[in-house]
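Beneath this line is the structure, given in structure tokens, with notes to follow.
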Amino acid sequence: MDTKEAYREKVNAQLREWNAQIKLLAAKMDNAKADAKLKYAKELNDVKAKCDEASSVLKNLEKMSAEVWEKSKESTEKLWGNLKTGIDQALSKLK
């Protein structure tokens, strides 16, 4: 397995994990009181937007040739790291 494919699998697994967490938090929000629902709704929308951005990064990665991937690897990993930090922070606020 090449580096690009391994990275793609890692990113895909992380997206699946985040989506599962979002579903659990959405269920938690349904059981919250009205004021808490407002907080949850805003944070959950922020997390969903970040996950959509992360999905876009994955789609772009899948379109890259191995040669282009090697050239853009550092910037792609930096972008992914920033997204991961943002999503993890938002999710931790909701727990």
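Computed over heavy atoms, backbone and side chain alike; hydrogens, waters and symmetry mates excluded. The first residue in the sequence is number 1, and the count goes up from there.
- Annotation: side-chain hydrogen bond (donor to acceptor under 3.5 Å, both in side chains) contacts of Lys10 (sequence neighbours excluded): none.
- Under the salt bridge (Lys or Arg N to Asp or Glu O under 4.0 Å) criterion, the residue pairs touching residues 57-68 are Arg8-Glu62, Glu67-Lys71, with sequence neighbours excluded.
- Each salt bridge (Lys or Arg N to Asp or Glu O under 4.0 Å) pair with one or both residues in residues 77-90, not counting sequence neighbours, appears once here: Lys84-Asp88.
- To the nearest 0.5 angstrom, Arg16 atom CZ is 13.0 Å from Cys51 atom SG.
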Where do Lys50 and Asp46 land on the salt bridge (charged side-chain N to carboxylate O under 4.0 Å, His left out) test, with the steps shown first?
CA-CA 6 Å; Lys50 285 181 179 10; Asp46 290 347; over 6 Å; no
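- Taking CD of Glu17 as the start and CD1 of Ile22 as the end, the distance is 11.0 Å to the nearest 0.5 Å.
- Applying the side chain to side chain contact (heavy atoms under 4.5 Å, CB included) criterion to Leu15, with sequence neighbours excluded, gives Val11, Trp18, Ala54, Ser55, Leu58, Trp80.
- Shown here are the side-chain hydrogen bond (donor to acceptor under 3.5 Å, both in side chains) partners of Lys48, two or more places apart in sequence or in another chain: there are none.
- To the nearest 0.5 Å, atom NZ of residue Lys23 and atom CG of residue Leu44 are 12.5 Å apart.
- Residues forming a side chain to side chain contact (heavy atoms under 4.5 Å, CB included) with Glu74 (at least two apart in sequence, or on another chain): none.
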